[in-house]
J.: 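Handing you a structure now.
Residue numbers run from 1 in the order of the sequence given. Values reported hereafter were calculated over all heavy atoms of this structure, with side chains retained and with hydrogens, waters and symmetry mates removed.
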Amino acid sequence: QVQLIESGGGLVQAGDSLRLSCAASERTWGNYAMAWFRQAPGREREFVATINWRGSSIRYADSVKGRFTISRDNAKNTVYLQMNSLKPEDSADYYCARSTGSFALVPSMRSSDYSYWGQGTQVTVSS
């Protein structure tokens, strides 16, 4: 059973930074792409960022490009999302997810390609 545990959310002001972490319990976690998605109240879940198993291919949603950075430490089974210059519209529950397939060169931005999800961590950005 794969467990993903997010942490690092909180209440911040516009312009502040936060770093989210997602720790995985799986021994072979390093073989899979990891992604961050978010969901605001009343809205559909949306893609934020993804990184392939080697960390050599990264993709971002246009809304966060240049402000957010995804990274991973395979030795620690952890993926990070550094969020800078936060805006009120970034407020949402943030979820990390592990891909269904392994060793993909280009990670997917579709939620349907991710089989395991964390419980979410809340990020609130006040104006």
Side-chain angles (χ1 to χ4, degrees):
Q1 181 72 14
V2 177
Q3 285 190 313
L4 302 174
I5 301 176
E6 301 102 334
S7 61
L11 172 63
V12 296
Q13 293 186 330
D16 285 350
S17 298
L18 276 177
R19 188 176 81 155
L20 306 184
S21 299
C22 172
S25 63
E26 184 182 23
R27 185 173 58 85
T28 56
W29 174 84
N31 298 341
Y32 299 89
M34 293 296 297
W36 289 94
F37 290 81
R38 67 186 181 186
Q39 187 168 21
R43 301 188 65 177
E44 293 189 354
R45 182 170 53 193
E46 65 173 354
F47 166 78
V48 176
T50 184
I51 184 168
N52 75 342
W53 64 283
R54 295 176 59 185
S56 59
S57 179
I58 291 173
R59 306 171 80 179
Y60 295 101
D62 288 342
S63 59
V64 307
K65 206 170 291 184
R67 300 187 298 121
F68 290 13
T69 302
I70 189 172
S71 61
R72 67 189 296 161
D73 185 338
N74 286 354
K76 295 182 178 180
N77 276 24
T78 302
V79 63
Y80 305 97
L81 185 68
Q82 177 67 43
M83 306 185 294
N84 298 331
S85 302
L86 283 162
K87 304 175 181 180
E89 51 264 44
D90 293 320
S91 297
D93 291 327
Y94 282 72
Y95 300 88
C96 68
R98 197 214 83 179
S99 64
T100 305
S102 57
F103 300 115
L105 292 178
V106 180
S108 172
M109 297 190 293
R110 299 181 302 207
S111 60
S112 58
D113 289 328
Y114 293 85
S115 297
Y116 297 96
W117 295 78
Q119 82 289 350
T121 185
Q122 187 174 57
V123 172
T124 304
V125 185
S126 64
S127 57

J.: Mind checking the OH-CD1 spacing from Tyr80 to Ile51? Nearest 0.5 Å is all I need.
T.: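 Answer rounded to 0.5 Å: 11.5 Å.
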
J.: Under the side chain to side chain donor-acceptor pair (under 3.5 Å) test, which residues partner Glu26, sequence neighbours left out?
T.: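 Once residues adjacent in sequence are excluded, the partners of Glu26 under the side chain to side chain donor-acceptor pair (under 3.5 Å) criterion are Thr28, Arg98.
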
J.: Using 0.5 Å steps for rounding, measure from the CG atom of Asn84 to the CG atom of Leu18.
T.: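 That separation rounds to 9.5 Å.
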
J.: Do the side chains of Asn31 and Phe103 get nearer than 4.5 Å, heavy atoms only?
T.: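 Side chain of Phe103 against side chain of Asn31, heavy atoms only: contact under 4.5 Å found.
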
J.: Determine, using the 4.5 Å side-chain heavy-atom cutoff (strictly less than), whether Val79 and Ile58 are members of one ILVMFWY cluster.
T.: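 Val79 clusters together with Ile58.
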
J.: Can you tell me how far apart OH (Tyr116) and CG (Leu4) are? Round to the nearest 0.5 Å.
T.: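 Rounded to the nearest 0.5 Å, the OH-CG separation comes out at 9.5 Å.
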
J.: With a 4.5 Å cut-off on side-chain heavy atoms, are Leu81 and Arg19 touching?
T.: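 Of all side-chain heavy-atom pairs linking Leu81 with Arg19, none is under 4.5 Å.
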
J.: Going by heavy atoms in the side chains, are Arg59 and Pro107 under 4.5 Å from each other?
T.: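 Contact flag for Arg59/Pro107 side chains = yes.
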
J.: Under the side chain to side chain contact (heavy atoms under 4.5 Å, CB included) criterion, do Thr121 and Asp93 qualify, and how do the steps go?
T.: CA-CA 5 Å; Thr121 185; Asp93 291 327; over 6 Å; no

J.: Hey, quick one: are Val64 and Val12 part of the same hydrophobic cluster, counting side-chain heavy atoms closer than 4.5 Å, chains of contacts allowed?
T.: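 They do share one cluster, since a chain of ILVMFWY contacts under 4.5 Å joins Val64 to Val12.
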
J.: Do the side chains of Lys87 and Asp90 get close enough for a salt bridge, i.e. N-O under 4.0 angstrom?
T.: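 Answer for the salt bridge query: no.
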
J.: Could you tell me whether a side-chain N or O of Tyr114 sits under 3.5 Å from a main-chain N or O of Ala33, the two making a donor and an acceptor?
T.: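 Answer holds: no.
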
J.: Using the side chain to side chain donor-acceptor pair (under 3.5 Å) criterion, which residues pair with Thr124? Sequence neighbours excluded.
T.: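 Applying side chain to side chain donor-acceptor pair (under 3.5 Å) to Thr124 gives none.
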
J.: Taking all atoms of both residues into account, what is the closest heavy-atom pair of Tyr32 and Ser102, and its distance?
T.: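 Closest heavy-atom pair between Tyr32 and Ser102: CE2-CB, 3.7 Å.
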
J.: If the condition is side chain to side chain donor-acceptor pair (under 3.5 Å), which residues does Ser56 pass it with, not counting sequence neighbours?
T.: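 In terms of side chain to side chain donor-acceptor pair (under 3.5 Å), with neighbours along the sequence ignored, Ser56 is linked to Asn52.
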
J.: Run the side chain to side chain contact (heavy atoms under 4.5 Å, CB included) check on Arg45 and Trp117 step by step: do they pass?
T.: CA-CA 12 Å; Arg45 182 170 53 193; Trp117 295 78; 3.7 Å; yes

J.: Could you check whether any side-chain N or O of Ser91 sits under 3.5 Å from a backbone N or O of Val125, counting only pairs where one atom can act as donor and the other as acceptor?
T.: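 Yes, Ser91 side chain to Val125 backbone: donor-acceptor pair under 3.5 Å.
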
J.: In chain order, what residues pass the side chain to side chain contact (heavy atoms under 4.5 Å, CB included) check against Ala92, with sequence neighbours excluded?
T.: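 Listed in chain order: Arg38, Ala40, Tyr94.
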
J.: Can you hop from Tyr95 to Trp36 via hydrophobic side chains spaced under 4.5 Å?
T.: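 Shared cluster, no.
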
J.: Gln13: what forms a side chain to side chain contact (heavy atoms under 4.5 Å, CB included) with it, not counting sequence neighbours?
T.: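 Gln13 satisfies side chain to side chain contact (heavy atoms under 4.5 Å, CB included) with Asp16, Ser126 once adjacent residues are dropped.
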
J.: Scan side-chain atoms only and decide if Thr78 and Asp73 contain a donor-acceptor pair under the 3.5 Å cut-off.
T.: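 No.
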
J.: Could you tell me which residues satisfy ring-ring contact (aromatic ring centres under 6.0 Å, His included) with Trp29, sequence neighbours excluded, listed by chain and number?
T.: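 Here no residue qualifies.
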
J.: Do Trp53 and Asn74 pass the side chain to side chain contact (heavy atoms under 4.5 Å, CB included) test, and can you show the C-alpha distance, the side-chain angles, and the key distance before you say yes or no?
T.: CA-CA 9 Å; Trp53 64 283; Asn74 286 354; 5.6 Å; no

J.: Within the side chain of Ser57, is there an N or O that forms a donor-acceptor pair under 3.5 Å with the backbone of Val106?
T.: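 It does not hold such a pair.
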
J.: Tell me if a side-chain donor or acceptor on Thr50 pairs with a main-chain N or O of Met34 at a distance below 3.5 Å.
T.: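 Checked: pair present.
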
J.: Can you check whether Phe37 and Phe47 have ring centres sitting under 6.0 Å from each other?
T.: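 Yes - the distance between ring centres of Phe37 and Phe47 falls below the 6.0 Å cut-off.
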
J.: What's the spacing between Cys96 SG and Gln119 CD if we round to 0.5 Å?
T.: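 Atom-to-atom, Cys96:SG and Gln119:CD are 7.5 Å apart.
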
J.: Would a distance-only check, ignoring hydrogens and angles, find a side-chain to backbone donor-acceptor pair under 3.5 Å from Gln82 to Ile70?
T.: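 A pair under 3.5 Å: no.
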
J.: When you measure from the side chain of Ser25 to the backbone of Val2, do you find a donor-acceptor pair of N or O atoms at a distance under 3.5 Å?
T.: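 Checking the backbone N and O of Val2 against the side chain of Ser25, no donor-acceptor pair under 3.5 Å is found.
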
